[in-house]
Every structure is written in C-alpha cells, then in structure tokens.
Amino acid sequence: MNTTVGNPSRRVNFRHRTVVVRRSRFAVRWQLRSILVCAVLLAATVVVSAWAVTLGNYPITLDQVWGALINDPDVGFARTVVVEWRLPRILAAAVFGAALGASGAVFQSLTRNPLASPDIIGFSAGSFTGALVVIILIGGSYLQVAGGALVGGIATAITVYLLAWRGGVQGFRLIVVGIGLSAVLGSLNTWLMLTAKLDVAMSAAAWGAGSLNGTTWEQATIGSGVIVVLTAGLLALAPAMRQLGLGDDAAKATGIRAEPVRLAVVVLGVALTATVTAAAGPITFIALAAPQIARRLARTPGVTIIPAAFTGALLLAGADVIAQHLLPVVLPVGVVTVVVGGGYLVWLIIREVRHRA
C-alpha cells in the first residue's frame, strides 16, 4: 500500500498494493491481491456450478445447458431439468455459501477468534429451534419457517449477548456462553423431534442434516434477495467493524458507538445464518472455515467479509457436488461439510495450541 506522508513525493510502502475508488466524500480501499483472489474464487464457483448442471441421472451437455438458458425449443426435456430442477439448487448453493462465509467473518472479526462462527456459538442451533417449532407445531410454509428461524436465531443471539455481558462483551466470554447455550438448544431440538409425530419428525430430521434437496425457485430467489439486503447492511457497517477490531477504547476515540454497532452487526450476521437455515437446514462449518481460508488466500491482516463470502460460495457449491455425485450414495450436503469442517476444526485447534505454546 502506498500512502503519502508529509511531502507528496515521498510515499511509505507497506508492501500491499491497493486500489482506491472515490465517490464524492466516500472512498473504498481494496488490496489488489484481495480483488484477484475474489475474481479467481468467483471463476472457480462458476466452473463448479456449470459442471454441476451437467451431472445427474439425466446427463446434459453444456450446449444443452446454454440452449435451456436461452429457451431454445430444440433442447426439449433438458430445459425442465436445467431450469426447474438444477438451477435453483446451484444458485442456492452459491448464495447460501456466501451468506455463511460472510456471517462467519462477522463473528470472527468481532471476537478476534478463528473458532467463532454461528454454528459454534449456538446461533445456528437457535435458528434450527425456531424453525422446528414452526414445522412441528404449525407445519408452516417456507416463509413461516423462515420467520421462525429468524426469530429463534435473533432470540438466541440476544440471550448469548446478555449472558456474556459484563460491562461489555469480550470475544472469549461470548464463545464460551454460546457453546453452553448451543448444547442446551441441541438437547431441546432432540426433545422436540422425539415428541413430534413420526412423519413430521423424520422430515425435520432429514432437513436438520442440512440439505439442498428439493430447493425451489421460491426458496432460492427469496433467500437470495434477503441475503443481498443483509450483506449490503454489513458492508455499510464494515468501516465501524474494522475500528472495533482495534478495541473498544480506540473505536470510541474515533467516534464509533461500540455496543450499538456490535449489536447491529450481530443481528445482521445471525439473520444471514437464519435465512440459510430456513431454506436448507443448519449447514455447519462453512462459516467456520471460509473466513480463515479467505484470510490466508488474500493475506489480509484481519478477517474480511467479501473474500470470506466468495470462499463460502465455492466451498458449499463444491461440497454439494461431492454429496450428490462423487460418493457411492447421495448424502445431504451438511454431512459432507461436517466431515470436512470437523477435520479443519481439529487442525485449527492444534495450530492454535502450538501457536500459544
């Protein structure tokens, strides 16, 4: 990064090339490496998604895919397979993965801890509880389940926030309280499914594994729209989040109201997770792994939202291809992310222990 200090002809080189976009009183500064990493991740996600469209019991060529997209009448039944069955799932995998990556970046940035993510802290479990209550007691529509997941996730976030409050919220205390509440909610979710009717319980259990099976255009488009709005809110708060990373005292010295900003960011992060949970169930470990992988790829000094979102999109799109087409049996995508994410979590814990030692 080149920064002018004193004499404009003298520049301090911090070894990070940046791109600055200025609009009136506002300016956005991006590291060039982050831009390149995001471009590569986007290209890889597009390639994986295009490959996923061609896979399945009804194989389709890329020419047929293109014909289906431009509504060519010659492709026949392939258009139904591509447009009505496969595209909603592929869109959901990319967008939901981006949402989970962004959500994980929020909590890891706030707590300054690589182990912090919505599924570890318990917010995913809270969203699952809210959705389960709607499914079991009401048997509601997608929008009702989404509302239940959102209410459950936000209620859990508020509970964790209040229990962790001691004149402020520290990252480690937030994680410990969240893990404890997650265990309680996990037991409650098990009890809810055991006491439900058999067909409802089996449906809820399958959904609770985290699956993109049966994803419709309604779920994909509504979920994508909500995620875009929530992500825009997070990006608007990104400068304040960076100031919070310096500590509450430093943030307050620059005019940032620490606790209101932190609470707003937590609500937006939980809402991202709840949106995904409502549509596909609790898909774990994407939010944990994506921000750290993105940080290492982009070599940023801290966790950033946009690279984490692109990484999450690629991870979930790839995990869905593995779950659907590359294993002897078809599995929910959440099973694959648990296996991969569990290995990553063990590696991360060992690395942190060695680093502290």
* **ILVMFWY network linking Leu42 to Val37, side-chain heavy atoms under 4.5 angstrom** => yes
* Test side-chain contact (heavy atoms from CB on, under 4.5 Å) applied to Thr80 - qualifying residues, sequence neighbours left out -> Phe77, Glu84, Trp85
* Asked: Would you say Ser109's side chain and Val106's backbone share a donor-acceptor pair under 3.5 angstrom?
  -> no
* To the nearest 0.5 Å, how far apart are NE2 in His325 and CG in Asn57? -> 9.0 Å
* Quick one: are Phe96 and Ile227 in side-chain contact, heavy atoms under 4.5 Å? -> yes
* Can you get from Leu326 to Val48 by hopping between Ile, Leu, Val, Met, Phe, Trp and Tyr side chains that sit under 4.5 Å apart? -> yes
* To do: Of all the heavy-atom pairs spanning Ala308 and Ala290, show the shortest one and how long it is.
  => O-CB, 3.7 Å
* To do: Would you list the pairs meeting side-chain hydrogen bond (donor to acceptor under 3.5 Å, both in side chains) in which at least one residue belongs to residues 93-108, sequence neighbours left out?
  => Ser103-Thr273, Gln108-Gln292
* Take Thr61 and Thr54 through the test side chain to side chain contact (heavy atoms under 4.5 Å, CB included) and record every step on the way to the result. => CA-CA 6 Å; Thr61 65; Thr54 65; over 6 Å; no
* Structure fact -> For Val145 and Ala278, the nearest pair of non-hydrogen atoms, with its separation, is CG1-O, 3.9 Å
* **Atom pair CD1 (Ile121) and CD1 (Ile179), whose distance is rounded to the nearest 0.5 Å** => 8.5 Å
* Separation of Leu32 CG from Leu36 CG (nearest 0.5 Å) -> 4.5 Å
* Structure fact -> By side chain to side chain donor-acceptor pair (under 3.5 Å), Asp199 pairs with (sequence neighbours left out) none
* Asked: Taking side chain as C-beta onward, heavy atoms only, is Val266 less than 4.5 Å from Phe107?
  -> yes
* Asked: Which distance, rounded to the nearest 0.5 Å, do you find between the CE of Met193 and the OG1 of Thr190?
  -> 5.0 Å
* To do: Evaluate the side-chain proximity of Ile306 to Cys38: yes if any heavy-atom separation is below 4.5 Å, no if none is.
  => yes
* Hey, are the side chains of Leu288 and Phe285 touching, using non-hydrogen atoms and a 4.5 Å cut-off? -> yes
* To do: Could you walk me through whether Ser117 and Asp119 pass side-chain hydrogen bond (donor to acceptor under 3.5 Å, both in side chains), step by step?
  => CA-CA 6 Å; Ser117 72; Asp119 40 343; 2.4 Å; yes
For residues 127-139, dump all side-chain donor-acceptor pairs below 3.5 Å to protein atoms at least two apart in sequence or in another chain.
| residue | atom | partner | partner atom | Å |
| --- | --- | --- | --- | --- |
| Ser127 | OG | Phe123 | O | 3.2 |
| Ser127 | OG | Ala149 | O | 3.4 |
| Thr129 | OG1 | Ala125 | O | 2.9 |
| Thr129 | OG1 | Asn189 | OD1 | 2.6 |
| Thr129 | OG1 | Asn189 | ND2 | 3.4 |

* Measure the OG1-CG distance between Thr231 and Leu268 for me, rounded to the nearest 0.5 Å. => 9.0 Å
* Is any side-chain heavy atom of Ile60 closer than 4.5 Å to a side-chain heavy atom of Arg86? -> yes
* Asked: Would you find a donor on one side and an acceptor on the other, under 3.5 Å apart, between the side chain of Arg33 and the backbone of Thr300?
  -> no
* Show the numbers, then the answer: is there a side chain to side chain contact (heavy atoms under 4.5 Å, CB included) between Leu91 and Trp217? => CA-CA 9 Å; Leu91 173 65; Trp217 275 115; 3.8 Å; yes
* Asked: Going from OG on Ser211 to CD on Gln324, what distance comes out if it is rounded to the nearest 0.5 angstrom?
  -> 7.0 Å
* Asked: Is Thr159 reaching over with its side chain to a backbone N or O of Ala155, donor-acceptor style, under 3.5 angstrom?
  -> yes
* To do: Kindly indicate, with the supporting measurements, whether the criterion side chain to side chain contact (heavy atoms under 4.5 Å, CB included) is fulfilled by Leu272 and Leu234.
  => CA-CA 10 Å; Leu272 282 173; Leu234 281 179; 3.5 Å; yes
* **Where Ile286 and Gly97 come nearest, the two heavy atoms and their spacing** => CG2-O, 4.0 Å
* Quick one: does Ile322's side chain get under 4.5 Å of Leu327's, heavy atoms only? -> yes
* Report yes if some heavy atom in the side chain of Leu150 is under 4.5 Å from a heavy atom in the side chain of Thr275; otherwise report no. => no
* To do: Report yes if the side chains of Thr156 and Val270 come closer than 4.5 Å at any heavy-atom pair, otherwise no.
  => no
* Co-membership, hydrophobic cluster, residues Tyr58 and Val53, 4.5 Å side-chain -> yes
* Structure fact -> Residue set satisfying side chain to side chain donor-acceptor pair (under 3.5 Å) with Arg79, at least two apart, ordered chain then number -> Asn71
* Would you kindly confirm whether Met202 and Val329 end up in one hydrophobic cluster when ILVMFWY residues are joined by side chain heavy atoms under 4.5 Å apart? => no
* Ala264 to Leu237 - nearest heavy-atom pair and separation -> CB-CD1, 4.1 Å
* Asked: Val160, Leu163: one ILVMFWY side-chain cluster at the under-4.5 Å cut-off?
  -> yes
Throw together a table of side-chain donor-acceptor distances under 3.5 angstrom for residues 311-320, partners on residues two or more places apart or in other chains.
| residue | atom | partner | partner atom | Å |
| --- | --- | --- | --- | --- |
| Thr311 | OG1 | Pro307 | O | 2.8 |
| Asp320 | OD1 | Arg89 | NE | 3.4 |
| Asp320 | OD1 | Arg89 | NH2 | 2.9 |
| Asp320 | OD2 | Arg89 | NE | 2.8 |

